[in-house]
Amino acid sequence: MSRVLEVQQLVVRYGQATALDGVSLGVERGEMVALIGPNGAGKTTLLNTICGLLEPASGTYRIDGRVAQVPEGRQLFADMSVEDNLRLGAWTRRDRDVARVLDLFPPLVALRRRIAGTLSGGEQQMVAVGRALMADPDLLAVDELSLGLAPMVVDDLAEHLARVNRERGMAVLLVEQNARLALELCPRAYVLETGRIALSGGSTELQHSLAVRAAYLGGASDEADG
Amino acid sequence: MRLFLQYAASGIATGCAFALVATGFVAIYRVTRVVNFAQGVFAVLAGMLAYSLLAWGVPHILAEAIAIVVAGLAGALVGLVAIGRRGTSPLASLIITLGLGIGSYAVLILIWGDQPISFDGLKGNLDVGGVGMQVQYLLVVVLTAAAFVALGLFFDHTYLGRGLTACSSNPRAARLVGIDVRRMGLLAFGLGGGLGGLAGVLLTPLQPVAFNSDVGIAISGFAAAIFGGLLRPGAALAGALVLGVAEALVAGYGQASLQSGVALVIMLGIMIWRAGRRPLSADEDAA
């Protein structure tokens, strides 16, 4: 099975500062992989690099197919309608029919004509995911799905992501600060720390790794026995 | 009263031309955040080129159309120099457009000389309720209205137009969905050039243009554009009409030499008013 994303020894710098320092990772076709780590570890830098927004200083990345990003903070076209936002997601594609995304997110049907900036956070995140899906990507790169959203809304969005992954075989690379959510949703994960992969492996192993618990789940020792 | 109506009619006609220049400012600013100070040059260039083409026997409409297209290409060219290099700041781009605008004088003088030139527009006068008006005024108003409707349809109802709007709404997100923001900027510059060109071919029969007429045209267009904060074409249209009529009345009842001062005074007034409002709204946000 060919990998949809292959990153090798990637180094990315912002001027003097090194954001990524020799990162290697891979995502199999149709796989859901989490990339967790603290603020400033370089997670967003990695996503922006594989989406072609940043130039690596050295190293390589290869994407077999198309990648679309759900950016941190959603980055919608706030003064445009939901439908415009979705349709613009298909800028590089021929097929601009929003029906397939509306099928996936039925609540958006009623919101089609609304101005994106007036929606609730959860609705906006739905539009952001929908806009990325309009590009019909082979790899969906999601940056901070849960940021600033209520737990119930996050669960709902996570369920949708899992469904897209299951039904369309679309690979997902999920960047999250909420490690618990990411490890529950994705069978495999990488832990990024100050620009380097500190740990990687199956989510169950990682979940039990005390290092992860202490560092990112915080005060989880009371659950360690359970 | 009759005199007043005549002044008002001529003011509305020139106001329409200002509105076209203003929309060019707005289109370019929205997509690129660059204030294009070469905006007036496109009008002068198109006016002069149409004059030459007509002199060579090219029929009306075709001559004007060619002049507008050339102005559009000139716009794209200015855009290429101003924003073509990745990472040029909007302020640097503004200075570049200013330089290109002044530099264009040499070219214009070389080709057309330093004397004002004009050509005949639509001949004849209309009698509207006892007030005589040039048919050319009517043409300017009708074509400006048509241009605004076409622009509205383009920006609101075509995919390309929505893409341009997206660049203005959120450039980062636009890049993310695969829109080539720089190429869209060039398109906006081309559009701005074409709009300036249309203004030029409509205005030249009403008031002769010289190589340095771009300053007056650009100042009036800019003053109109900042009515809508450089972002709203509708407000720019309203501003341009007010400005056109105000200028015509000042020139008619006062002195023609005071005419260009009107735009400056209005522009300064709006800017001071806006500057005075800003800290207030910041306080409201903080509270």
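Order of the sequence lines fixes the chain letters, A, B, ..., with proteins taken first and strands second; residue numbering starts at 1 for each chain.
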J.: Counting only heavy atoms closer than 4.5 Å, note whether A:Leu53 contacts chain B via side chain, backbone, both or neither.
T.: side chain

J.: Could you report the tightest heavy-atom contact between A:Gly89 and B:Val177, atom names first, then the distance?
T.: CA-CG1, 4.0 Å

J.: What donor-acceptor contacts under 3.5 Å connect chain A and chain B, backbone and side chains included?
T.:
| residue | atom | partner | partner atom | Å |
| --- | --- | --- | --- | --- |
| A:Gln75 | OE1 | B:Asn170 | ND2 | 2.9 |
| A:Leu76 | O | B:Asn170 | ND2 | 3.2 |
| A:Asp79 | OD1 | B:Ser169 | OG | 2.8 |
| A:Asp84 | OD2 | B:Arg162 | NH1 | 2.5 |
| A:Arg87 | O | B:Tyr159 | OH | 2.5 |
| A:Trp91 | N | B:Tyr159 | OH | 3.1 |

J.: So, for B:Ala173 and A:Phe77, which heavy atoms are closest and what is the spacing to 0.1 Å?
T.: CB-CE2, 3.7 Å

J.: For the residue pair A:Pro71 and B:Leu176, what are the closest heavy atoms and their distance?
T.: CG-CD2, 3.4 Å

J.: Contact part of A:Ala68 toward chain B, heavy-atom cut-off under 4.5 Å: side chain, backbone, both or neither?
T.: neither

J.: Measure distances from A:Ala90 to the heavy atoms of chain B and classify the residue's part below 4.5 Å as side chain, backbone, both or neither.
T.: both

